Amino acid sequence: MQEDVELRTLREAWSTARDGVTGTRYAEGLRAAGEIEAAIAVCREVAELGYFAGWYEWAWLEHGRGDVRRAIGLMEEVAELLDDDPDRAYALGVAGHWRWDDLSDVGSEPLLRVGMDAYPDARADLAHLLMATGRREEGLRVLADGVRDGQVACMLPLANILSEDGEKEAAEALYRRAFEAGDSYSAWNLAVLLWETGRGDEAEQWVWKAAEGGDDLAIGYLSDVDPSDLDR
């Protein structure tokens with residue numbers, strides 16, 4: 001099988017040059033093949049060799065299999081090792097993201113603040129945390145700053161807030177911008193806004209775009225609608 005050939009090639013590269021690049025690529029190949037324990041073993045060895053990439057990939061693997069606390073611990077451990085290295089902000093941003101997104105831990109705020117420029121999801125999470133703890137205006141500023149810097153992760157949440165606040169034109173423009181920037185999920189939200197503003201024909205077109213992008217709401221909607229009723 002082609003997949004076996006690719007995995008063997010990655011393993012041979014790792015055996016020849018035991019470095020961060022070949023190790024993480026091999027681990028990624030093992031993960032794709034469903035060999036998670038083997039991938040983690042490779043990542044552990046990469047980390048022991050002194051390559052921080054091993055820690056990152058190891059943490060993502062642990063998170064992917066549901067061990068969130070272990071994943072957070074690994075990211076925070078490598079952040080300590082990175083000390084003043086610029087990559088430290090990324091590790092802390094990811095750890096903060098997991099603390100907030102998976103555990104709803106308001107104590108993640110300092111991590112999110114440090115990591116929000118290095119890991120855009122951390123900025124969106126910080127905004128959510130701020131609004132959830134009664135600091136709406138600051139949360140909006142955090143999102144607006146992210147949008148201004150082109151951080152796609154901030155576009156959809158800010159557009160949703162604008163729509164809820166009745167600023168439909170601004171929300172529509174931001175949904176479209178987010179979609180063009182690669183956020184396929186904004187297509188469904190745009191479709192809803194278009195329905196709300198009496199543009200059903202265009203809304204249906206955006207539902208299809210959302211479904212093609214993997215949006216479960218759009219897929220569910222289309223599965224309950226007679227295709228003959230839709231004008232694609």
Side-chain angles (χ1 to χ4, degrees), residues 19-21 23-25 27-28 31 39-40 42-162 174 177-178 181-183 185-186:
D19 56 31
V21 174
T24 53
R25 285 179 178 170
E28 289 167 359
R31 178 182 60 183
I40 288 175
V42 172
C43 289
R44 187 181 293 114
E45 187 173 352
V46 173
E48 289 171 352
L49 288 170
Y51 296 102
F52 296 128
W55 293 85
Y56 298 145
E57 184 66 18
W58 184 3
W60 281 105
L61 284 165
E62 294 288 5
H63 186 269
R65 70 173 179 176
D67 195 342
V68 175
R69 295 186 184 279
R70 179 59 173 146
I72 292 170
L74 287 167
M75 276 297 181
E76 292 181 347
E77 285 177 38
V78 74
E80 288 296 320
L81 294 173
L82 286 164
D83 195 19
D84 292 330
D85 190 294
D87 286 344
R88 180 173 183 270
Y90 167 81
L92 292 176
V94 175
H97 166 64
W98 288 338
R99 283 190 175 279
W100 175 250
D101 198 52
D102 291 291
L103 306 177
S104 300
D105 178 8
V106 294
S108 63
E109 182 175 340
L111 300 179
L112 296 173
R113 288 188 182 278
V114 171
M116 64 182 179
D117 288 325
Y119 187 65
D121 281 352
R123 181 183 293 277
D125 287 335
L126 175 61
H128 186 194
L129 185 156
L130 290 168
M131 289 185 280
T133 53
R135 291 170 285 173
R136 188 176 191 273
E137 292 305 314
E138 184 181 358
L140 288 173
R141 287 198 299 273
V142 167
L143 286 176
D145 288 344
V147 170
R148 193 158 35 248
D149 290 343
Q151 292 184 334
V152 181
C154 294
M155 294 179 185
L156 181 56
L158 182 56
N160 287 339
I161 293 170
L162 291 170
L174 194 49
R177 179 180 172 187
D183 183 359
Y185 292 102
S186 62

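Since the model is a prediction, treat every value here as computed from it, not as a measurement.
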> Quick one: are Trp60 and Val94 in side-chain contact, heavy atoms under 4.5 Å?
Replying inline: yes
>> What I'd like to find out is whether the side chain of Val42 reaches to under 4.5 Å of the side chain of Glu57, using heavy atoms alone.
In response: no
> Step by step, would you call Arg135 with Glu109 a salt bridge (Lys or Arg N to Asp or Glu O under 4.0 Å)?
Replying inline: CA-CA 13 Å; Arg135 291 170 285 173; Glu109 182 175 340; 2.9 Å; yes
> Can you tell if the side chain of Asp183 reaches within under 4.5 Å of the side chain of Arg177, non-hydrogen atoms only?
Replying inline: no
>> Between Asp145 and Arg148, is the salt bridge (Lys or Arg N to Asp or Glu O under 4.0 Å) condition met? List the steps.
In response: CA-CA 5 Å; Asp145 288 344; Arg148 193 158 35 248; 2.2 Å; yes
>> Test salt bridge (Lys or Arg N to Asp or Glu O under 4.0 Å) on Glu62 and Arg44; report intermediate values, then the result.
In response: CA-CA 12 Å; Glu62 294 288 5; Arg44 187 181 293 114; 5.5 Å; no
> Can you name the closest pair of heavy atoms from Ala59 and Trp98 and give their distance?
Replying inline: O-CH2, 3.8 Å
> How close do Ala122 and Gly93 get, heavy atom to heavy atom, and via which atoms?
Replying inline: CB-O, 3.7 Å
> Is any side-chain heavy atom of Arg88 less than 4.5 Å from a side-chain heavy atom of Asp84?
Replying inline: no
> Salt-bridged, Glu138 to Arg113, with N to O below 4.0 Å?
Replying inline: yes
>> Looking at every non-hydrogen atom in both residues, tell me the closest pair between Trp100 and Asp105 and how far apart they are.
In response: CE3-O, 3.6 Å
>> Test your reading of the model: is there a side-chain donor-acceptor pair from Arg136 to the backbone of Leu130, 3.5 Å cut-off?
In response: no
> What pair of heavy atoms forms the shortest contact from Val78 to Ala91, and how long is it?
Replying inline: CG1-CB, 3.9 Å
>> Quick check on side-chain contact (heavy atoms from CB on, under 4.5 Å): which of Leu143, Leu156, Leu174 does Ile161 satisfy it with?
In response: Leu143
> Are His128 and Asp101 close enough, and set up right, to give a side-chain hydrogen bond (donor to acceptor under 3.5 Å, both in side chains), and what steps lead you there?
Replying inline: CA-CA 10 Å; His128 186 194; Asp101 198 52; over 6 Å; no
> Taking C-beta and beyond as the side chain, do Leu112 and Arg99 meet within less than 4.5 Å on heavy atoms?
Replying inline: no
>> Are more than 12 heavy atoms, taken from residues, nucleotides or ligands other than Arg25, located less than 6.0 Å from that residue's CZ atom?
In response: no
> Just how far is it from atom CG of Asp149 to atom CG of Asp117, taken to the nearest 0.5 Å?
Replying inline: 7.0 Å
>> Between Cys43 and Leu61, is there a side-chain heavy-atom distance shorter than 4.5 Å?
In response: yes
